[in-house]
J.: 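First, the structure itself, so that you have it in front of you.
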Amino acid sequence: MPELPEVENVARELRPALCGRRLLALDCHFPGVLIAGGGVEIDPWRPRRVVAVHRRGKLLLLDLEGDLGMSVHLRMTGRLSLEDPSTPRRPHTHVTAAVDDGRELRFVDPRRFGRVEVATRQHRAGTPFLRSLGPEPQDLDADALAARLAARRGPVKSVLLDQRLVAGLGNIYVDEILHRAGLHPRLEADRLLAPEIVGLVEAMRAVLDEAIESGGSTIRDYRSPDGRAGEFTARHRVFGRAGEPCLVCGTPVRKVRLSGRGTHFCPQCQPRRRRRPRRRTARRPRGGTP
DNA sequence: TCTAACCTGATC
DNA sequence: GATCAGGTTAGA
């Protein structure tokens with residue numbers, strides 16, 4: 001659920017609330033959800049000040065004093081909230097941190113896919129997942145995207161979901177971006193035309209900017225740390241709207257399964273027209289250079 | 001490159 | 001009771 005816009009909203013809300021504050025205690029209530037890395041000792045916990053809050057892809061990163069770094073991945077149902085300790089903890093509250101302003105930072109995750117990790121910042125930076133992340137969408141121009149897409153096979157939808165290609169996109173925003181760009185999700189990533197890639201970059205920026213500004217999308221579980229639902233859901237053009245009319249042309253939105261993920265698109269606005277044929281000479285038996 | 005697996009809960 | 005879900009990844 002939480003994709004780049006949701007995690008960005010969490011970071012923006014936690015930054016002023018946590019920077020400069022100390023985490024007085026850190027407790028894990030379900031084994032395995034809180035992990036220590038890089039030989040860092042977290043039990044017993046020594047109070048640490050939060051130095052910075054940022055985001056990389058779908059990862060939320062807290063820098064702590066003493067060269068420590070905390071990373072939180074919300075995966076499907078993870079949620080961070082900042083609450084008064086007297087408020088009863090919701091079910092599936094797996095990690096809690098006491099903040100020195102009297103509040104409590106809580107990590108709730110029913111499906112328990114999410115993780116909170118505390119490590120040295122150097123160890124965190126070397127984590128395979130973080131290292132493998134592609135560029136932030138904001139840092140990607142059409143040329144760079146074209147180069148990355150050219151090296152990949154498979155439907156553009158699946159390729160955009162791959163965090164190594166570009167970081168932070170998930171199922172909601174890939175569907176919304178492809179609709180905005182007028183591209184069918186099954187188009188081969190390495191056969192997009194230059195103007196289509198320009199449109200794709202523009203759609204990516206536009207959709208993500210709008211989603212961030214409207215607080216992200218709430219399908220079911222997502223809430224910002226102070227409990228607000230995202231309002232971008234109401235502006236989805238295809239995601240979650242199967243059978244409903246496309247907001248651009250009125251054609252019913254279709255939902256199909258593509259590489260295991262529910263995929264929404266408008267068959268009219270996102271035509272699956274014939275692509276420029278792959279030049280025969282461009283085909284190499286295996287891994288050849290073009 | 002695709003599927004199954006990791007989990008719980010909501011919905012069909 | 002079966003199916004589906006916003007993510008990631010190990011294994012085929």
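Throughout, a chain's letter reflects where its sequence line sits, starting with A, and its residues are numbered from 1. Computed from a predicted structure; not experimentally measured.
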J.: Within the structure, does a side-chain N or O atom of R75(A) lie under 4.0 Å from either OP1 or OP2 of dT9(C)?
T.: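 The answer is no; no side-chain N or O of R75(A) sits under 4.0 Å from OP1 or OP2.
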
J.: Rounded to whole angstroms, how far apart are CD1 on I172(A) and P on dA5(C)?
T.: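 Going from CD1 in I172(A) over to P in dA5(C) covers 12 Å.
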
J.: Using atom NE2 of H264(A) as one end and atom C1' of dA5(C) as the other, report the distance to the nearest whole Å.
T.: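 Rounded to whole Å, this separation is 11 Å.
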
J.: Ignoring hydrogens and angles, are the base of dA5(C) and the side chain of R111(A) linked by a donor-acceptor pair under 3.5 Å?
T.: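 Such a pair exists between side chain and base.
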
J.: Less than 4.0 angstrom between a side-chain N/O of K255(A) and OP1 or OP2 of dA5(C), yes or no?
T.: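 Checking dA5(C) against K255(A), a side-chain N or O does come within under 4.0 Å of OP1 or OP2.
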
J.: Please give me the minimum heavy-atom distance between V33(A) and G114(A), naming the atom from each residue.
T.: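 Closest heavy-atom pair between V33(A) and G114(A): CG1-O, 4.2 Å.
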
J.: How long is the line joining CZ of R220(A) and P of dG9(B), in whole Å?
T.: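 The answer, rounded to whole Å, is 12 Å.
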
J.: Give a yes/no on whether any side-chain N or O of H92(A) is located under 4.0 angstrom from OP1 or OP2 of dG9(B).
T.: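 H92(A) to dG9(B) OP1/OP2: side-chain N or O found under 4.0 Å.
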
J.: Please confirm whether the shortest side-chain N or O distance from R112(A) to OP1 or OP2 of dT8(B) is below 4.0 Å.
T.: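 For dT8(B), OP1/OP2 do have a side-chain N/O of R112(A) under 4.0 Å.
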
J.: Starting at CG of N171(A) and ending at P of dT8(C), how long is that distance when rounded to a whole Å?
T.: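 Taking CG of N171(A) and P of dT8(C), I get 11 Å after rounding.
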
J.: CG of D221(A) versus P of dA10(B): gap in Å, rounded?
T.: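 One finds 9 Å between P of dA10(B) and CG of D221(A), rounded.
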
J.: One thing to verify: whether K157(A) and D175(A) come together as a salt bridge, which I'm taking to mean a side-chain N less than 4.0 angstrom from a carboxylate O.
T.: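 Salt bridge present between D175(A) and K157(A).
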
J.: Are the ring of F113(A) and the six-membered base ring of dC6(B) within the stacking cut-offs of under 5.5 Å and under 30°?
T.: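 Stacking is present between dC6(B) and F113(A), given that their ring centres fall under 5.5 Å apart and the planes under 30°.
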
J.: Taking the basic N atoms (NZ, or NE/NH1/NH2) and the acidic carboxylate oxygens, is any pair closer than 4.0 Å for E176(A) and R180(A)?
T.: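 R180(A) and E176(A): not salt-bridged.
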
J.: Roughly how many Å is it from NZ in K157(A) to C1' in dC2(B), rounded to a whole number?
T.: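 About 15 Å, once rounded to whole Å.
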
J.: Take the angle between the ring planes of Y173(A) and H236(A) and call it parallel below 30°, perpendicular above 60°, tilted in between.
T.: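 Y173(A) vs H236(A) ring planes: perpendicular.
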
J.: Without decimals, in angstroms, what is the distance between R186(A) CZ and dT1(B) P?
T.: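 In whole Å, dT1(B) P and R186(A) CZ are 15 Å from each other.
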
J.: Less than 4.0 angstrom from a charged side-chain N to a carboxylate O is my criterion; do R90(A) and E104(A) meet it?
T.: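 Salt bridge: no.
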
J.: Does R257(A) put a side-chain nitrogen or oxygen below 4.0 Å from OP1 or OP2 of dA5(C)?
T.: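 For dA5(C), OP1 or OP2 has a side-chain N or O of R257(A) closer than 4.0 Å.
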
J.: Quick one: do R124(A) and D63(A) make a salt bridge, cutoff under 4.0 Å?
T.: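 A salt bridge is present here (some side-chain N lies under 4.0 Å from a carboxylate O).
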
J.: M76(A) has an atom CE; how far is it from atom P of dA4(B), in whole Å?
T.: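 These atoms are roughly 16 Å apart.
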
J.: Under 4.0 Å: is that the gap between some side-chain N or O of Q163(A) and OP1 or OP2 of dT8(C)?
T.: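 Looking at the OP1 and OP2 atoms of dT8(C), one of them is under 4.0 Å from a side-chain N or O of Q163(A).
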
J.: Could you please name the option among dG9(B), dG7(C), dT1(B) that lies closest to any side-chain atom of R153(A)?
T.: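 The listed nucleotide nearest to R153(A)'s side chain is dT1(B).
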
J.: Reckon H73(A) has a side-chain N or O less than 4.0 Å from the OP1 or OP2 of dG7(C)?
T.: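 No.
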
J.: Expressed in whole Å, how much space separates the P atoms belonging to dG9(B) and dT8(C)?
T.: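 Roughly 22 Å separates the two P atoms.
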
J.: Does dC7(B) pair with anything, Watson-Crick or G-U wobble, both distances under 3.5 Å, and if so, with which nucleotide?
T.: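 dC7(B) is paired with nothing.
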
J.: I'd like the P distance from dC7(B) over to dG1(C), given in whole Å.
T.: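 Result for the P pair: 22 Å, nearest Å.
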
